[in-house]
Amino acid sequence: MDANSISRRAFLRGQVAPSPIMLPPGVSYSSLDHCTGCNRCVKRCPTSIIRLVAGVPSVDLSVGECTFCRACLDVCPQPVFDATRFRFDHVAEVSGSCLATRGIACQSCGETCPEHAIRFKPRIGGPFQPVIEAATCTGCGACLQVCPVDAISMRPLREFADG
């Protein structure tokens, strides 16, 4: 199952490919073949970020953050979640609409990051600028909730490796 695939017919008709879903930690597109859509991971998630989309688990970090409690892994009766790679395949990224880049002092994202992956670089004549250390960021989504201008999004790790 490739989330980025689009048929030739759909492309020629101008139909947009479905946006890829954000997978829960420890889940890969290949392991989704084992998912029965039983909904146990959704019911067990303490932060209510797991949802079923087209019958498979996905994460909605706009409603909360992942605490990596492993409740979804523990309750799943199928080999969907991999305990050896229980992490996200994405990291946070700050856009140009960040208040600090527009000259307004704000460090709310760094204050809430449980891994301290968001550092602030001094800038002459303006507020400190946020810098996300991709190697430290777990992609948990804690920073998304507190950004007053929604300047933080999640990007797949492969985009950082390629660029």
Side-chain angles (χ1 to χ4, degrees), residues 1-7 9-11 15-95 97-98 107-119 130-163:
M1 173 183 212
D2 181 9
N4 294 319
S5 65
I6 182 171
S7 71
R9 175 177 285 158
F11 175 75
Q15 298 170 335
V16 179
S19 59
I21 60 173
M22 188 177 296
L23 299 176
V27 176
S28 65
Y29 282 105
S30 60
S31 71
L32 288 177
D33 292 339
H34 301 288
C35 182
T36 62
C38 71
N39 211 31
R40 290 180 188 174
C41 57
V42 174
K43 291 177 183 176
R44 190 72 174 270
C45 180
T47 57
S48 302
I49 63 169
I50 300 179
R51 312 241 192 258
L52 285 187
V53 174
V56 296
S58 70
V59 172
D60 180 1
L61 294 176
S62 70
V63 297
E65 68 183 90
C66 181
T67 61
F68 300 98
C69 67
R70 295 180 174 243
C72 52
L73 173 113
D74 294 338
V75 75
C76 186
Q78 302 297 322
V80 177
F81 294 84
D82 182 354
T84 62
R85 61 172 296 279
F86 197 78
R87 59 175 164 59
F88 282 114
D89 288 334
H90 63 261
V91 293
E93 179 179 69
V94 179
S95 74
S97 63
C98 172
Q107 293 188 0
S108 58
C109 58
E111 293 168 358
T112 61
C113 179
E115 299 298 323
H116 306 288
I118 303 174
R119 307 278 185 198
V131 177
I132 297 178
E133 296 176 12
T136 308
C137 179
T138 62
C140 71
C143 55
L144 294 175
Q145 304 304 306
V146 297
C147 182
V149 293
D150 296 325
I152 302 174
S153 60
M154 295 294 162
R155 295 287 177 247
L157 283 171
R158 68 178 173 273
E159 285 186 16
F160 290 98
D162 296 341

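Here the structure is a predicted model, which is why all the values come from computation and not from measurement.
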Solution key, residues 38-45 side-chain donor-acceptor pairs under 3.5 Å, sequence neighbours excluded:
none

Approximate separation, where rounding is to 0.5 Å, of F86 CZ and C72 SG:
4.0 Å
To the nearest 0.5 Å, what is the distance between CD (E93) and SG (C98)?
12.0 Å
Sequence-distant partners of C113, side chain to side chain contact (heavy atoms under 4.5 Å, CB included), two or more places apart:
E115, A117, I118
Indicate yes or no: at least one non-hydrogen side-chain atom of V75 is less than 4.5 angstrom from one of F81.
no
What are the two closest heavy atoms between C143 and M154, and how far apart are they?
SG-CE, 4.4 Å
Taking S108 for its side chain and C147 for its backbone only, find out whether a donor-acceptor pair lies under 3.5 Å.
no
Nearest-0.5 Å distance that lies between atom OG1 in T112 and atom CG in L144
9.0 Å
Under the 3.5 angstrom rule, does the side chain of H90 hit a backbone N or O of G139 as a donor-acceptor pair?
yes
Looking at residues at least two apart in the chain, or sitting in another chain, which of them share a side-chain hydrogen bond (donor to acceptor under 3.5 Å, both in side chains) with T47?
none
Which pair of non-hydrogen atoms, one from S28 and one from L23, has the smallest distance, and what is that distance?
C-CD1, 3.7 Å
Contacts table for residues 52-64: side-chain donor-acceptor under 3.5 angstrom, sequence neighbours left out:
{"unit_1": "S58", "atom_1": "OG", "unit_2": "R51", "atom_2": "O", "d": "3.4"}
{"unit_1": "D60", "atom_1": "OD1", "unit_2": "S62", "atom_2": "N", "d": "3.0"}
{"unit_1": "D60", "atom_1": "OD1", "unit_2": "S62", "atom_2": "OG", "d": "2.5"}
{"unit_1": "D60", "atom_1": "OD2", "unit_2": "S62", "atom_2": "OG", "d": "3.4"}

Of all heavy-atom pairs linking F88 and T138, the shortest is CD1-O, 3.4 Å
What are the two closest heavy atoms between I132 and C137, and how far apart are they?
CG2-CB, 4.1 Å
Where at least one partner belongs to residues 73-88, residue pairs that pass salt bridge (charged side-chain N to carboxylate O under 4.0 Å, His left out), sequence neighbours excluded:
R85-D89, R87-D89
Please report the C-alpha distance between E65 and Q145 in whole Å, then the side-chain angles of each, then the deciding distance to 0.1 Å, and finally whether the side-chain contact (heavy atoms from CB on, under 4.5 Å) criterion is met.
CA-CA 8 Å; E65 68 183 90; Q145 304 304 306; 5.5 Å; no
Side chain to side chain contact (heavy atoms under 4.5 Å, CB included) involving E111 - partner list, sequence neighbours excluded
Q107
